[in-house]
K.L.:
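Structure below; questions to follow.
Every chain is numbered from 1, with letters handed out A, B, ... down the list of sequences.
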Amino acid sequence: MGLYALFKFGKIASFTRNICFDNIGTGIPWRKVDTMGKRIIFHIDVNSAYLSWESVHRLQHGDPLDLRTVPSVVGGDPITRHGIVLAKSIPAKKYDIQTGESIFSAKAKCPELVIARPNYGLYMQCSRAFGNILREYSPLIEQYSIDEYFVDFTNMERLHCDPIKTAYEIKDRVKNELGFTVNVGVSTNKILAKMASELIKPDKVHTIFPDEIAEKMWVLPIEELFMVGRATAKKLRSRAINTIGDLANYDPRLIKLFLKSHGMLVWNYANGIECSPVRESRRTMIKGIGNSTTTPFDVEDAITAYLVLLSLTETVAARLRQTEYCARLVSVSLRNNEFNSCSHQRKIASAIDCTNAIHEIACELFDELWKGEPIRHLGVRVSELCKNDFIQLSLFEKDYEKQRAMDRTIDSLRERFGTNAVFRSSFINSGLRFATGGTVDDEEYPMMSSQL
DNA sequence: TCTGGGGTCCTAGGACCC
DNA sequence: TCTGGGGTCCTAGGACCC
């Protein structure tokens, strides 16, 4: 593979430049937008991230068993109704165990399956250590999710060696220094780099340069294309579009007719057309903060539901204040014991960040939403954020100044002494956690947008 | 013991105004 | 009095990602 990739790299000078078609259906003849010259983008993806990290951690703490060598998964606890597979080992893959399926059904497929509980704090540390290695190769890196980074290696050949050699170096350094394996995809934009890193796993470097799209990407089934999920795949297959190549070579006007803008997005991706920059930080761009949980038991009365909403709101509001935002929209979501979901939202006249204020609205929304059936899942989300340094308090709203002072005090107590330092007495003997979701002092989870 | 949680973006339909 | 059309805002739900 190595020699093959190095050989392929010889073609790099003869790139056809990216062309974006974005005027489908406008009646205007094709407009060719020259995007950029010669970019080099890496996409680095940890192989079975949670499971690898768990294995390495256990080995380092004297466990003789390497989870990666046996059928194993990282998954939640079915007793508290969190029992789904979050990550699986390669031997588990051989039993057709899928990420997202229930632990119950995974065990049915493989009775000797080893199950490890997730440890998000550990994963966050691994993710950071991994990012720190990448930062040595370029000042411009983007964390796309907990286990994925993009690196813009454009013009970095002068400091390091050639891109393919560097990709191998990164892969081997992560393995040798941190103990887990990664795949590195190399190309001229993010979509091709990302598709390349997914090719054959684990511990591999792949390229999909523009002149390799047909050979390496078009032959793949349509489901393998980034942003083609179950629903889109079904629609495409019903029109005999079965491979990425079928989509790439289909008339984009027809795609747009039945898949709208999402159709154009995936048609562009199928053709390797994508020109978004590698962004150092997404943190300034957050759109909303939410927290939801599947309750350990069905909630059947409003008082308990209010308490769950409070526990969710505690973390949402604390994260909101931590990022120095206020919100103008509160939404509540609910899933009943028959797995039907619904949601309800409300705009508020003045932006807020108080736990009590958000909770009060969440409870009102809940009352308007709930029909009385048993509930298994509740969520609180705030959005339409604005900076909290200039809050306009409406004359008609309650004066929340005292509440804000109280929140500040609790936030600082928790910051100094841990999240457990203070909690509301209403949670005593409730069987519920007083603050659901990641603890407040955890570092912000790096989230990705659905587009690159 | 069957089915998580955190995000983003898009669309359709209704209300409302001109 | 009735009808129509365009624009904007709001809401709920769906699709996708890891």
Side-chain angles (χ1 to χ4, degrees), chain A residues 43 45-46 48-50 73-87 98-109 115 117-118 120 123-124 127 143-149 190-191 194 197-198 223 225-236 259-266 269 282-283 285-297 312 315-316 319 328-348 365 368-369 376-385 436-438 442 444-452:
Chain A
H43 179 256
D45 191 324
V46 179
S48 324
Y50 289 0
V73 297
V74 172
D77 185 357
I79 291 175
T80 56
R81 313 203 290 188
H82 288 67
I84 65 152
V85 173
L86 298 164
Q98 308 285 331
T99 302
E101 81 172 299
S102 67
I103 296 285
F104 181 83
S105 107
K107 272 221 126 167
K109 289 176 182 176
I115 299 159
R117 298 278 169 254
Y120 295 102
Y123 308 154
M124 217 69 83
S127 178
Q143 182 155 23
Y144 188 61
S145 73
I146 194 162
D147 68 332
E148 286 175 64
Y149 284 84
K190 287 160 86 176
I191 185 68
K194 184 159 168 61
S197 73
E198 312 263 303
E223 290 79 9
L225 183 62
F226 178 67
M227 290 304 288
V228 174
R230 244 209 315 260
T232 308
K234 197 177 163 198
K235 287 178 195 163
L236 291 169
L259 287 179
K260 310 278 164 51
S261 66
H262 190 249
M264 284 321 301
L265 179 83
V266 293
Y269 286 176
R282 292 175 173 272
R283 200 166 292 204
M285 298 165 51
I286 44 166
K287 299 278 168 33
I289 295 171
N291 193 193
S292 65
T293 191
T294 295
T295 48
F297 47 86
L312 293 165
T315 9
V316 167
R319 287 174 58 204
R328 284 204 187 83
L329 185 68
V330 179
S331 19
V332 164
S333 62
L334 175 163
R335 176 145 69 231
N336 65 25
N337 62 349
E338 290 178 331
F339 263 81
N340 299 314
S341 303
C342 53
S343 66
H344 195 32
Q345 65 185 50
R346 186 188 300 164
K347 278 209 145 175
I348 41 190
L365 288 167
E368 290 163 15
L369 185 62
R376 70 169 283 136
H377 179 104
L378 279 165
V380 174
R381 173 163 200 82
V382 294
S383 49
E384 299 207 358
L385 307 183
T436 314
D442 272 350
E444 196 76 10
Y445 190 99
M447 282 316 301
M448 43 177 286
S449 99
S450 56
Q451 291 175 29
L452 293 172

K.L.:
Provide the closest heavy-atom pair for Arg319(A) versus Gly290(A) in the form atom of the first, atom of the second, distance.
P.N.:
NH1-O, 3.4 Å
K.L.:
Nearest heavy atom decides the nucleotide; on that basis, is Ser261(A) or Val85(A) closer to the 5' end of DNA chain B?
P.N.:
Val85(A)
K.L.:
What's the closest nucleotide to the Lys347(A) side chain, out of dT11(C), dT3(B), dG5(B)?
P.N.:
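Between dT11(C), dT3(B), dG5(B), the one nearest the side chain of Lys347(A) would be dT11(C).
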K.L.:
Check whether the side chains of Ser197(A) and Glu148(A) place a donor and an acceptor atom closer than 3.5 Å, and report yes or no.
P.N.:
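Short answer, no.
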K.L.:
May I ask you to say whether Lys109(A) pairs ionically with Glu101(A), meaning some side-chain N is under 4.0 Å from a carboxylate O?
P.N.:
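So Lys109(A) pairs with Glu101(A) through a salt bridge.
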K.L.:
Does Phe297(A) have more than 12 heavy atoms from other residues, nucleotides or ligands lying within 6.0 Å of its CZ?
P.N.:
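Yes, the 6.0 Å shell around CZ holds more than 12 heavy atoms from other groups.
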K.L.:
CZ of Arg381(A) versus P of dG6(B): gap in Å, rounded?
P.N.:
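Result: 9 Å.
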K.L.:
Check every atom of dA12(C), dC2(B), dC18(C) against the side chain of Gln345(A) and return the nucleotide holding the closest atom.
P.N.:
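Minimum distance to the Gln345(A) side chain belongs to dA12(C).
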K.L.:
Atom CD of Glu223(A) to atom P of dA15(C): distance rounded to whole Å?
P.N.:
16 Å
K.L.:
Does a side-chain N or O from Lys190(A) land closer than 4.0 Å to OP1 or OP2 of dC17(C), or not?
P.N.:
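Checking dC17(C) against Lys190(A), no side-chain N or O comes under 4.0 Å of OP1 or OP2.
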K.L.:
Between dC16(C), dC17(C), dG13(C), which nucleotide gets closest to the side-chain atoms of Cys342(A)?
P.N.:
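Within the option list, the nearest is dG13(C).
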K.L.:
Between dC18(C) and dT3(B), how many Å separate the two P atoms, rounded to a whole number?
P.N.:
23 Å
K.L.:
Taking Thr293(A) for its side chain and Thr295(A) for its backbone only, find out whether a donor-acceptor pair lies under 3.5 Å.
P.N.:
no
K.L.:
Which nucleotide, dG4(B), dC18(C), dG7(B), lies nearest any side-chain atom of Arg319(A)?
P.N.:
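Selected nucleotide (nearest to the side chain): dG7(B).
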K.L.:
5'-most contact on DNA chain B: His262(A) or Phe104(A), nearest heavy atom basis?
P.N.:
Phe104(A)
K.L.:
With the side chain of His344(A) defined as its heavy atoms from C-beta on, choose the nearest nucleotide among dG4(B), dA12(C), dT3(B).
P.N.:
dA12(C)
K.L.:
Over all strands shown, is Gly288(A) touching base, sugar-phosphate only, or nothing at heavy-atom distances under 4.0 angstrom?
P.N.:
sugar-phosphate
K.L.:
Find the distance Tyr269(A):OH to dC16(C):P and express it as a whole number of Å.
P.N.:
14 Å
K.L.:
Round to the nearest Å and state the distance from Arg328(A) atom CZ to dC9(C) atom C1'.
P.N.:
15 Å
K.L.:
Reckon Asp77(A) touches a base, only the sugar-phosphate, or nothing at all at heavy-atom distances under 4.0 Å?
P.N.:
nothing
K.L.:
Return the value, rounded to whole Å, for the distance between atom NZ of Lys234(A) and atom P of dG14(C).
P.N.:
14 Å
K.L.:
Can you measure Arg335(A) atom CZ to dC2(B) atom P for me and round it to whole angstrom units?
P.N.:
15 Å
K.L.:
Could you tell me which nucleotide pairs with dC18(C) by Watson-Crick or G-U wobble geometry, both distances under 3.5 Å, or answer none if nothing does?
P.N.:
dG5(B)
K.L.:
Please tell me which of the listed nucleotides, dG6(B), dA15(C), dC18(C), lies nearest to the side chain of Thr232(A)?
P.N.:
dA15(C)
K.L.:
Any side-chain N or O of Ser331(A) under 4.0 Å from OP1/OP2 of dA12(C)?
P.N.:
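Indeed not, no polar side-chain atom of Ser331(A) lies that close.
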K.L.:
Only one of Lys287(A), Lys347(A), Arg328(A) clears side-chain hydrogen bond (donor to acceptor under 3.5 Å, both in side chains) with Glu384(A); which?
P.N.:
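Testing each of Lys287(A), Lys347(A), Arg328(A) against Glu384(A), the sole residue satisfying side-chain hydrogen bond (donor to acceptor under 3.5 Å, both in side chains) is Lys347(A).
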K.L.:
Does Lys235(A) make a side-chain N or O approach to OP1 or OP2 of dA15(C) shorter than 4.0 Å?
P.N.:
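Result: no.
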K.L.:
For Val330(A) and Leu365(A), which heavy atoms make the closest approach, and how far apart are they?
P.N.:
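Nearest pair, atom of Val330(A) first, then Leu365(A): O-CD1, 3.4 Å.
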K.L.:
Counting heavy atoms from C-beta on, name the nucleotide in dA15(C), dT3(B), dG5(B) closest to the side chain of Ser292(A).
P.N.:
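It is dG5(B).
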K.L.:
Considering only dC17(C), dT3(B), dG6(B), which nucleotide approaches the side chain of Phe226(A) most closely?
P.N.:
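It is dC17(C).
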K.L.:
Side-chain contact test, heavy atoms from C-beta onward, threshold under 4.5 Å: evaluate it for Thr315(A) versus Ile289(A) and give yes or no.
P.N.:
no
K.L.:
Strictly below 4.0 Å: does Lys287(A) bring a side-chain N or O up to OP1 or OP2 of dT8(B)?
P.N.:
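Checking Lys287(A) against dT8(B): no side-chain N or O falls below 4.0 Å of OP1 or OP2.
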K.L.:
So if I take every side-chain heavy atom of Ile84(A) and compare against dG4(B), dC18(C), dT1(B), which nucleotide ends up nearest?
P.N.:
dG4(B)
K.L.:
Would you say Arg230(A) reaches dG14(C)'s phosphate, i.e. side-chain N/O to OP1/OP2 under 4.0 Å?
P.N.:
no
K.L.:
Tell me whether the OP1 or OP2 atom of dG4(B) has a side-chain N or O from His377(A) closer than 4.0 Å.
P.N.:
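False: His377(A) side-chain N/O out of range (4.0 Å or more) of dG4(B) OP1/OP2.
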K.L.:
Can you see if the side chain of Asn291(A) gets near the phosphate of dG6(B) - specifically, an N or O under 4.0 Å from OP1 or OP2?
P.N.:
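Asn291(A) to dG6(B) OP1/OP2: side-chain N or O found under 4.0 Å.
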K.L.:
When you measure from the side chain of Met227(A), which nucleotide among dT11(C), dC17(C), dC9(B) comes out closest?
P.N.:
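Closest of the options to the side chain of Met227(A): dC17(C).
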K.L.:
Nearest-Å distance, NZ (Lys260(A)) to P (dG14(C))?
P.N.:
16 Å
K.L.:
Below the 4.0 Å mark, does dG13(C) have OP1 or OP2 next to a side-chain nitrogen or oxygen of Ser343(A)?
P.N.:
yes
K.L.:
Please report the distance, rounded to the nearest Å, between CD in Glu338(A) and P in dC2(B).
P.N.:
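Rounded to the whole Å, the gap is 16 Å.
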K.L.:
Between Thr294(A) and dG5(B), does any side-chain N or O lie under 4.0 Å from OP1 or OP2?
P.N.:
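Yes, such a contact exists.
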K.L.:
May I ask you to evaluate whether Thr293(A) reaches the phosphate of dG5(B), defined as a side-chain N or O under 4.0 Å from OP1 or OP2?
P.N.:
yes
K.L.:
Taking 5.5 Å and 30° as the limits, would you call Tyr144(A) and the base of dC18(C) a stacked pair?
P.N.:
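No, Tyr144(A) does not stack on the base of dC18(C).
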